[in-house]
Number of protein chains: 2
Amino acid sequence: MTSKPNVRQPSHVACRDCSLSSLCLPLALSLQDIDQLDRIIKRGRPLKKGEHLFLEGDPFTSVFAVRSGAIKTYTATNEGEEQITSFYLPSEILGLSGMDTDVYPVSAQAMETTMICEIPFDQLETLSDHFPELRRHMMRLMSKKIREDQQMMMLLSKKNADERIATFLINLASRFRRRGFSSQSFRLSMSRNEMGNYLGLAVETVSRVFTRFQKNGLIYAVGKEIEIRDPVQLCSLAGGKAVDIEQIISSV
Amino acid sequence: MTSKPNVRQPSHVACRDCSLSSLCLPLALSLQDIDQLDRIIKRGRPLKKGEHLFLEGDPFTSVFAVRSGAIKTYTATNEGEEQITSFYLPSEILGLSGMDTDVYPVSAQAMETTMICEIPFDQLETLSDHFPELRRHMMRLMSKKIREDQQMMMLLSKKNADERIATFLINLASRFRRRGFSSQSFRLSMSRNEMGNYLGLAVETVSRVFTRFQKNGLIYAVGKEIEIRDPVQLCSLAGGKAVDIEQIISSV
DNA sequence: ATACGACTTTGAGGCCACTCAATGACGTCC
DNA sequence: GGACGTCATTGAGTGGCCTCAAAGTCGTAT
């Protein structure tokens with residue numbers, strides 16, 4: 001009934017023909033070098049909703065790029081509940097945080113039907129011995145992840161419920177936009193529960209904030225379909241730094 | 001009046017003669033290769049308490065290793081307050097998160113008199129072209145940082161005040177121990193205010209928890225001097241995963 | 001030694017988000 | 001198409017931490 005924004009794609013598309021290549025790992029490589037990367041990439045069958053890509057504690061063997069769909073990573077709290085650590089959208093790379101322990105420190109699960117490109121890490125390392133740009137790109141990826149996590153820490157330690165959700169929606173919007181989707185209107189791949197879990201809020205709080213935002217004309221939400229009605233005010237609530245805000249407003 | 005655990009060290013010590021080499025960057029190199037790393041390292045005068053190593057927005061030129069003392073990194077919230085993102089102890093490396101933006105995303109400030117080894121990044125990259133182990137080590141460093149930040153996100157989104165402070169103390173203790181200092185008794189280099197800022201708590205809450213911990217015999221604290229009296233219960237409060245706890249208990 | 005500023009501690013009161021509980025909507029599988 | 005389970009919404013009440021305020025302590029500089 002709800003729309004299906006992610007059109008089913010053929011499951012084996014070479015990097016050079018992939019619409020995401022300019023956002024993904026290949027961006028570090030020239031056209032002729034891309035084929036070498038292409039050769040080591042494994043493209044499995046699509047993951048169904050709920051299927052795992054890897055489990056916390058599994059030996060670290062590969063990093064993964066999302067080609068379509070969406071993945072969440074999570075870890076178990078000491079009470080055995082799940083704590084979501086990240087959401088990954090198409091073209092985003094996951095698995096890098098396992099590098100220094102030889103096991104994945106989180107589990108990765110598909111939130112909807114998802115296609116994945118798997119890049120065996122030992123082969124990626126060998127390849128990057130010959131392509132300095134490739135390894136610089138991987139380091140930049142990790143550096144970026146560190147910065148994003150620190151933004152998240154800021155959100156968790158300083159922002160209230162309204163600000164957290166505004167930040168989350170604006171962040172999603174700008175990621176959709178980079179991928180060529182609408183940033184005004186999109187479909188959330190996560191439940192309210194997952195959103196709250198990720199943002200450090202109870203489900204009920206998420207729901208109340210959504211309702212309030214809708215009453216105030218900031219958004220229009222039906223189930224998982226979201227429309228951003230007042231990006232300026234939402235950004236202002238999100239309350240990043242002025243420079244960041246302008247960048248995001250212009251993109252919504 | 002309080003003790004000075006960090007004995008003043010000569011300001012120019014070669015990596016091969018540095019007591020921290022087994023924890024720091026050189027651990028990735030063989031003895032003869034260390035000298036090549038040594039040659040590119042700049043060792044400036046000691047930073048006095050309050051002096052900055054770099055400011056948010058400064059061009060990214062170097063990564064830094066703490067040789068003695070302690071550094072905090074922080075960023076400004078949109079309300080102009082400071083949000084501390086990390087504390088760095090001797091042998092720890094900071095500055096890597098600036099890699100993908102070409103500017104440092106945080107400011108770095110000395111919390112006490114601090115000696116620093118500066119490693120110009122372009123030269124480090126050149127060097128790592130010849131030493132695969134060195135660049136693997138840098139990637140592991142970043143990977144570790146990502147895992148630590150995610151632990152921190154967990155702390156901020158799920159733990160209460162008692163658990164946050166227990167976790168913080170246990171974490172400090174195990175870092176001190178790795179460096180050959182006592183993990184039962186040490187000196188905090190940060191104020192209650194800085195601790196609260198980092199942990200997402202008000203100063204008053206930090207103070208109250210310290211008082212309560214002391215009443216319950218978990219710790220003994222006079223000013224910045226801390227003694228851990230009941231590491232088992234403190235770890236249990238910190239509530240990491242069982243495996244981690246055991247590791248930490250045995251080290252306190 | 002003394003005085004000042006910065007940091008810490010303690011108390012009182014209030015608020016935001018959580019918990020618990022119940023109803024309502026959705027999606028899915030026979 | 002109906003019944004079920006899952007997810008989302010709404011309400012009432014509570015509690016943990018924050019805020020504000022004041023007193024106490026420490027460190028330092030004169």
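Labels below follow one simple rule: chain letters A, B, ... track the order of the sequence lines, proteins then strands, and each chain is numbered from 1.
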(message) Between C1' on D:dC17 and CZ on B:Arg164, what's the gap in Å once rounded to a whole number?
(response) 10 Å
(request) Quick one: label A:Gly200 by what it contacts on the DNA or RNA (base, sugar-phosphate, nothing), any heavy atom closer than 4.0 Å. (result) sugar-phosphate
(request) Let me know the distance between CD of B:Glu204 and P of D:dG24, rounded to the nearest Å. (result) 17 Å
(message) For the residue pair A:Arg212 / A:Asn216, report whether a side-chain donor-acceptor contact shorter than 3.5 Å exists.
(response) no
(message) Any donor-acceptor pair, under 3.5 Å, between the side chain of A:Arg208 and the base of C:dT19, if you only look at N and O atoms?
(response) yes
(request) Look at B:Thr205 and D:dC18 and indicate whether a side-chain polar atom (N or O) is within less than 4.0 Å of OP1 or OP2. (result) yes
(request) May I ask you to check whether A:Arg164 and A:Asn160 show a side-chain donor-acceptor distance below 3.5 Å? (result) no
(message) Can you tell me which nucleotide in C:dT19, D:dT19, C:dT9 comes closest to the side chain of B:Ala202?
(response) D:dT19
(request) Calculate the interatomic distance between B:Arg192 atom CZ and D:dT25 atom P; express it in whole Å. (result) 15 Å
(request) Find the distance B:Lys159:NZ to D:dG16:P and express it as a whole number of Å. (result) 18 Å
(message) What is the separation between atom CG on B:Asn193 and atom P on D:dG27, rounded to the nearest whole Å?
(response) 17 Å
(message) Whether B:Thr211 contacts C:dT10 is assessed here as follows: a side-chain N or O lying under 4.0 Å from the phosphate OP1 or OP2. Is that the case?
(response) yes
(request) Check the distance between C:dA17's C1' and A:Arg212's CZ and give it to me in whole angstrom. (result) 11 Å
(request) Could you state the atom-to-atom distance from NZ of A:Lys158 to C1' of D:dT19 in whole Å? (result) 14 Å
(message) If I take atom CG in residue B:Leu201 and atom P in nucleotide C:dT9, what distance separates them, rounded to the nearest angstrom?
(response) 14 Å
(message) Side-chain N or O of A:Ser207 versus OP1/OP2 of D:dA8: is the shortest distance under 4.0 Å?
(response) no
(message) Looking only at the side chains, is there a donor atom on one of B:Ser189 and B:Lys224 sitting less than 3.5 Å from an acceptor on the other?
(response) no
(message) Could you check whether atom NZ of A:Lys158 has more than 12 heavy atoms from other residues, nucleotides or ligands sitting under 6.0 Å from it?
(response) yes
(message) Quick check: A:Phe64 with A:Tyr88 (ring centres under 6.0 Å apart)?
(response) no
